[in-house]
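Read through the structure below, which is laid out as C-alpha cells, and then see the notes.
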Number of protein chains: 2
Amino acid sequence: MSLRHALLGLLAQEPASGYDLSRKFEGDLGRYAWQAGHTRIYPELVKMAEEGLVAVETTGARGRKTYVVTDVGRAELRSWLMSPPDNATVRNETVLRMFLVQSLEPADARILLDSIAEHCDAELARLRPLMADIDRAAGTDGLPFGRLAGEYGVRQYDAVATWARWARERLDAAEAAGRVGTRAVAETG
Amino acid sequence: MSLRHALLGLLAQEPASGYDLSRKFEGDLGRYAWQAGHTRIYPELVKMAEEGLVAVETTGARGRKTYVVTDVGRAELRSWLMSPPDNATVRNETVLRMFLVQSLEPADARILLDSIAEHCDAELARLRPLMADIDRAAGTDGLPFGRLAGEYGVRQYDAVATWARWARERLDAAEAAGRVGTRAVAETG
DNA sequence: AACTCCATGTAACGTGTTACATGATTGC
DNA sequence: GCAATCATGTAACACGTTACATGGAGTT
C-alpha cells in the first residue's frame, strides 16, 4: 500500500486535489520512485477519506476537491516511514535490462550500455542545474521539499552512468580475451 | 510485460523449470530489479509456451517441466532489450521513502537516514566480497552472468549510503540554521 | 512414520493501466 | 465559438500477492 503513503506524504507537505497529486507523479516522483495515474488516485483518496486519513478541505470550481491530511493520516505516514520492511517492493524495468544485458551479443550489449550512459548524462544535465538553482535560491542551510530527493536522483544517475561505462570496458576486455560468459541472443529470421 | 522478458532472459542463459526461475527471483534479481512469485511465473510460462516464445524441453521427476527459449523468444528478448521506452516502469518503495523523508520531523528523519545508510553498508558488506570472489575465480577478463548486475548493486548501494550521509548533514545544517523547509509529521495521541 | 524440500497449480484479492466518458473554465 | 486545460470519475483488463491445495522424493 505504498500509493496511499505517497499521497499522505504529498498532502502532508501541502493540501492538494486529486488532479494536483496526479501531476506530481508525472515529475521526478514518478520518474524514479512511484508511478500512479489519476484513475487510481481518485478512488484511493475516497477510500482514505472514508478511513479518516484525509479529509476534503474545500470544494472549489469545476468540482475541485482539496484534500488535507488528518492527524490519523500523519500518524500513519510517520509509522510507515519509520518502519521500513526487510523486503521493500522494487520493480525497475531499467535495472532489469541491466541484469539481462549479458544475454545480448557483445555488439548489442555495447550499444545498449552506451545508450544507458547517454540517457543518464541527459538526466544529469537536466537535474544538476535544477539543484544548483535551488541551492542558489535557498542557500546551503535551506532545505526546500524535494531537495534531498533531487540529490538522490543526481547521485543515482551518476552511479548508473559510471557503471555503464565500467560495464562496457569489462565487456570489451572479456571479448578481447575471447571469453564472454554469456549465451548470445542473436537476431533470427 | 516485463516479467515475460525477465523469464526469457533467464531462460536464454540456461534452461530451467518454473521452480528454478521462481528461486532466482528470491536472489539479487528480486532484491533490486523485479519481483515475482511462482504463482505468477507458472501461468506466464504456460502462456509463453502457447505463443511459441518458450518450449517444454523435458518432463522429469515430480512433474518437473524444463523450459527452453525458442528462436522467436530470443528475437523478442533482443527486440525488447534494444528498444528501452522513454518512461520505464519504476516502483521502488525505498526511493519513495527518500522522497518523503522531508515530511518527517528532523529527529525522525535523522533516524531514518541513519538506518538507510546502515542498511546499505550491510548490503555492501555482503555484495563486495561476492564480486571479489567472482573476479578471483574468473579473472578480470572473464565475465560470468550476473557480474555486471552485481556491480550495479554495489555502486547503487554505495551511492545511496553516501547520499544518506550527505542528506543528514544538510538536514543538520538546516536545523542549526533554524529553517527546515518541511511541515513535520509528529506522532499524535 | 514424520519432516523437509521439490514442484506444480487455482482462487480471491489488491493494485495499476488503458480506454472511455463527462463537463466546467480559461485564453485566443 | 473553439481549443486547451482543469477536474473528476467508471469499466475492463493486466499484473502481482496471499492463501489454499496437492502430491512426489529424499532424509532422519
*I would like to know whether B/Leu21 and B/Tyr67 meet side-chain contact (heavy atoms from CB on, under 4.5 Å); could you show each step before the answer?*
CA-CA 10 Å; B/Leu21 292 166; B/Tyr67 288 88; 5.6 Å; no
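- A/Arg91 has a side-chain polar atom (N or O) that falls below the 4.0 Å cut-off from OP1 or OP2 of D/dT17.
- Between B/Leu45 atom CG and C/dA7 atom C1' there is a gap of 13 Å when expressed in whole angstrom units.
- Two residues, B/Pro43 and A/Ser2, neighbour DNA chain C, and the one matched to the more 5' nucleotide by heavy-atom proximity is B/Pro43.
- Rounded to whole Å, atom P of C/dC5 lies 17 Å from atom CZ of B/Arg64.
- When distances are taken from the side chain of B/Arg62 to each of D/dT5, C/dG9, D/dA25, the shortest belongs to D/dA25.
- In the set C/dT15, D/dT17, D/dA7, C/dT15 carries the atom at the smallest distance from any side-chain atom of A/Lys47.
- For the pair B/Arg4 and B/Trp80, the cation does not sit on the ring face, since its NZ or CZ is not both under 6.0 Å from the ring centre and inside 45° of the axis.
- When rounded to the nearest whole Å, the span between CE of B/Met48 and C1' of D/dA14 equals 16 Å.
- OP1 or OP2 of C/dC6 sits under 4.0 Å from a side-chain N or O of B/Arg23.
- Remark: P of D/dT17 and CD of B/Glu93 are 12 Å apart, rounded to the nearest angstrom.
- A donor and an acceptor atom, one from each side chain of B/Thr58 and B/Thr66, are located under 3.5 Å apart.
- In this structure, A/Tyr42 does not reach the D/dG9 phosphate: none of its side-chain N or O atoms is under 4.0 Å from OP1 or OP2.
- Below the 3.5 angstrom threshold, one finds no donor paired with an acceptor across the side chain of B/Thr39 and the base of C/dT10.
- Of the residues in residues 24-38 of chain B, B/His38 come within less than 4.0 Å of DNA chain C through at least one heavy atom, sorted by number.
- Checking D/dC15, D/dT8, C/dT15 against every side-chain atom of A/Arg40, the shortest atom distance belongs to C/dT15.
- With contacts defined as side-chain heavy-atom distances shorter than 4.5 Å, the pair B/Ile41/B/Tyr19 does not qualify.
- Distance A/Lys65 NZ to C/dA24 P: 16 Å, rounded to the nearest Å.
- A/Arg168 forms no cation-pi arrangement with A/Trp163, by the criterion of a distance under 6.0 Å to the ring centre and an angle within 45° of the ring axis.
- Side chains of A/His5 and B/Glu93: no donor on one and acceptor on the other come within 3.5 Å.
- Rounded to the nearest 0.5 Å, atoms CG (B/Leu127) and CZ (B/Arg155) are 12.5 Å apart.
- Close to D/dC6, at under 4.0 Å from its OP1 or OP2, lies a side-chain N or O of A/Tyr19.
- If A/Tyr67 and B/Leu3 are placed on DNA chain D by their nearest nucleotide, the residue sitting closer to the 5' end is A/Tyr67.
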